[in-house]
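First the structure, in the form of structure tokens, and then the observations on it.
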Number of protein chains: 2
Amino acid sequence: MKKQRKITIADIAREAGVSAMTVSRYLNGKGPVAASTAERIKAIIERLQYNPNWLARSLSSKKSMIIGVTIPRIEHALLDNYIAQILSGVTDVALQNDYRIMLLPFNPEHGTDNEFSNWYHSKMFDGLILLKTMHRDPRIKSLAEQKIPFVLANHKYYAPDVHFIDVNNKLGIRLAVEYLVEKGRSRIAFVAGDLRETNARDRWNAFCKTMQEQNLTVNKEWVMHGQFNQEIAYRESEKLFRAKTIPDAVVCSDDYMALGVIRRIKERGLRIPDDVAVIGFDDIEIAAYIQPALTTVRQPIEKIGRLAAESLLKLLNGKADQPIRRLLSVQLIKRESA
Amino acid sequence: MKKQRKITIADIAREAGVSAMTVSRYLNGKGPVAASTAERIKAIIERLQYNPNWLARSLSSKKSMIIGVTIPRIEHALLDNYIAQILSGVTDVALQNDYRIMLLPFNPEHGTDNEFSNWYHSKMFDGLILLKTMHRDPRIKSLAEQKIPFVLANHKYYAPDVHFIDVNNKLGIRLAVEYLVEKGRSRIAFVAGDLRETNARDRWNAFCKTMQEQNLTVNKEWVMHGQFNQEIAYRESEKLFRAKTIPDAVVCSDDYMALGVIRRIKERGLRIPDDVAVIGFDDIEIAAYIQPALTTVRQPIEKIGRLAAESLLKLLNGKADQPIRRLLSVQLIKRESA
DNA sequence: TTGAAAGCGCTAACAG
DNA sequence: CTGTTAGCGCTTTCAA
């Protein structure tokens, strides 16, 4: 168990009385190796406790068996249950296919156009899954132009060589608004979040459209944009309830924002859903636990991750002739808040 | 922007009229390079969009600048808010220090003794952070014997060359039990979880000890062991409330179990905390949101991750002369459930 | 301050 | 079924 000189493929070959190539073939299961030779090699490998050097293998074979996943370079990014869920899906699929995951921090708001493709050219990973990217990020374009294998998770982007897995935001918002209307609500507010995100944009557009279909007006005082998280939503939503006429329902572009809004409403002494109904989007873990339990549009977050990973594997195996563009369905989960 | 032949350090060298070594020195900032030469190289690198091949560099320099983090090979591992929090801490520190994170799936219950050290010898990472390992896992011993740099996160293990960051479980349980006693509870049940985990063991031992100090008896009917998660805790805790005398308080070894127990208690039509008080351990995200809000022992989970990563970096830089053995403090967060 | 030579440990491509 | 040759792209070491 002491420190030993590193055993290499050459050592195994020498012991076995064969060439390194034969050992390599045995190791990778490609190419023929005589059964007797194989057995001999196997025994020696075990005796010497040989481990292939993965760096050397990758350098030589030009495949690293690693999938890169971008995560926002903010503290606590992984505390976001939404990110954790996507990552969970990606990880499950990757690991089942002998790929490892490498976490790549990035700033969703800035970065040189070639940042991602440069990473790729450093050979740190074979393909990339992009999380939390913004609308029209030039880094995405650069990847596509260079035909680098990548998949967008929860981001919609119709362009050549861009593959994505996203959800049907339009449907989600329509379900939410129609449900509220059914329940007799008409003064509907919307917390849109950051419109540089494709989801936020889609949801916001869908909201306007659906409101129009329902012959309801979108009151500008009741619409909020910005980089919202729970805390900011709490802070900013104060103004929704300051005016004389207050909304009788609030649709939020994600659950964390809904949490903030709910806290605000409670603090104003208003009842949920009697005075104000609230609907979120995502169905994160807490949604079912808070009081009142959150009515929300559930998207299959983990499945997005799984499909993104599966799609990437297809790309890596050259099995994707068509662009992959999937919009998964969503459903309205009716709980107590609306 | 079209596909181009890969630019290498040799190309840069040729253009600049120097040797590859000079470019390498420039790139790594070690060794002297004339200012004028440096400038020339810099310009060429930019013009040619050169990216160093990280595999080749790692192979040659024997450093990969990657930290491996083990995660349990179960589906949805990352959905466990506790794991996500540790990972979050690790990631933040690693990324700030230009290390990447590689996720390494493992089975906490089985594996050959050399599994982890074999990974290390494959050169996939420079050091390892171990999450969710069990008591006396031989794989840990093997790492230590081979002097491989690694740190245990949330695991206590006194042995040479084993470094760990853990919390003061004994204190946590004592705070919980004493608080219950203060509130007049005496029929205290304990949901221990899996005793192969060091935390579960510590907590269980601490529970017995504190009960004794308080002159309370540990009723065997009210103690539950096993691989509990929320669902199983819900299922199994049924038997706690079947008997004639039921406990008036339940201490749980983690919050997810507490969630299951709470669901059970509610379903039995018992009131929390009036009929039965519940205390958890961890203070995961949901704890504050559930109804009733969970009284629990908060441990600084993310900080454990941060410290584990910082410690590993010290090991990698040879700056750890002493074994690193930290027990972080915990606090009782009093909410509604007890 | 710079360069030449010799690997790092493996595999692709071809030949036998 | 097996071996030879020639790299992969970089850094280490030593010499200049």
Side-chain angles (χ1 to χ4, degrees), chain A residues 4-42 44-45 48-66 98 118-126, chain B residues 4-42 44-45 48-66 98 118-126:
Chain A
Q4 59 223 335
R5 200 179 60 73
K6 175 76 186 150
I7 310 281
T8 75
I9 204 172
D11 299 316
I12 307 297
R14 194 171 345 96
E15 288 279 316
V18 295
S19 76
M21 250 336 280
T22 306
V23 180
S24 170
R25 272 192 281 263
Y26 165 78
L27 248 21
N28 297 293
K30 17 182 113 172
V33 177
S36 64
T37 317
E39 249 174 75
R40 205 151 19 103
I41 293 176
K42 185 177 174 205
I44 295 169
I45 284 178
L48 263 45
Q49 294 238 51
Y50 165 72
N51 309 109
N53 181 319
W54 167 90
L55 283 173
R57 173 178 286 177
S58 302
L59 178 62
S60 184
S61 68
K62 299 174 185 319
K63 281 194 67 182
S64 65
M65 297 300 281
I66 291 183
D98 277 330
N118 285 349
W119 291 349
Y120 176 78
H121 289 125
S122 307
K123 305 291 175 193
M124 291 193 291
F125 48 79
D126 293 338
Chain B
Q4 59 222 336
R5 199 180 59 73
K6 174 76 186 148
I7 309 281
T8 76
I9 203 173
D11 298 316
I12 308 296
R14 195 172 343 95
E15 288 279 317
V18 295
S19 77
M21 253 332 284
T22 305
V23 179
S24 171
R25 272 193 280 264
Y26 165 80
L27 248 20
N28 296 294
K30 16 183 115 174
V33 178
S36 63
T37 318
E39 248 172 75
R40 204 149 22 101
I41 293 176
K42 185 176 174 206
I44 295 169
I45 285 179
L48 262 46
Q49 295 239 49
Y50 165 72
N51 308 102
N53 181 320
W54 166 90
L55 284 172
R57 172 179 287 177
S58 302
L59 177 62
S60 188
S61 68
K62 300 176 186 317
K63 282 194 66 182
S64 65
M65 296 300 284
I66 291 185
D98 277 330
N118 285 349
W119 291 349
Y120 176 77
H121 290 125
S122 305
K123 305 291 174 192
M124 289 193 292
F125 48 78
D126 293 338

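- Put simply, the side chain of Lys123(B) never gets that close to the backbone of Ser58(B): no donor and acceptor are under 3.5 Å apart.
- At least one donor-acceptor pair closer than 3.5 Å links the side chain of Thr8(A) to the backbone N or O of Ala10(A).
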Heavy-atom contacts, protein to nucleotides 8-16 of chain D, under 4.0 Å, summarised as B (base), S (sugar-phosphate only) or - (none) per nt, yield BBBBB----
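- Every residue two or more places apart in sequence or in another chain was checked for a ring pair (Phe, Tyr, Trp, His ring centres under 6.0 Å) with Trp54(B), and none qualifies.
- Recorded end-axis angle for the helix from dT1(C)-dA16(D) to dG16(C)-dC1(D) stands at 30°, based on five pairs per end and rounded to 10 degrees.
- Listed for the Asn28(B) side chain is no donor-acceptor partner under 3.5 Å among the backbone atoms of Arg25(B).
- In this structure, Thr22(B) reaches the sugar-phosphate backbone alone: every heavy-atom distance under 4.0 Å involves primed, P, OP1 or OP2 atoms, never a base.
- For Tyr120(B), the side-chain contact (heavy atoms from CB on, under 4.5 Å) test picks out Phe125(B), Ile148(B), Pro149(B), with sequence neighbours left out.
- When DNA chain C is scanned in the 5' to 3' direction for atoms under 4.0 Å from non-hydrogen atoms of chain B, the outermost contacting nucleotides are dT1(C) to dC8(C).
- Under the 4.5 Å side-chain criterion, counting only non-hydrogen atoms from C-beta, Lys42(A) is not in contact with Ile12(A).
- With sequence neighbours left out, the side-chain contact (heavy atoms from CB on, under 4.5 Å) criterion links Thr37(B) to Val18(B), Thr22(B), Val33(B), Ala34(B), Arg40(B), Ile41(B).
- Here Thr37(A) lies in heavy-atom contact (under 4.0 Å) with sugar-phosphate atoms only.
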Full working for side-chain contact (heavy atoms from CB on, under 4.5 Å) between Ile44(A) and Tyr50(A): CA-CA 8 Å; Ile44(A) 295 169; Tyr50(A) 165 72; over 6 Å; no
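- Lys63(B) is linked by a side-chain contact (heavy atoms from CB on, under 4.5 Å) to Ser61(B), Met65(B), Tyr99(B), Asp126(B), counting only residues two or more places apart in sequence or in another chain.
- Judged as a side-chain hydrogen bond (donor to acceptor under 3.5 Å, both in side chains), and not counting sequence neighbours, Asn53(A) has no contacts.
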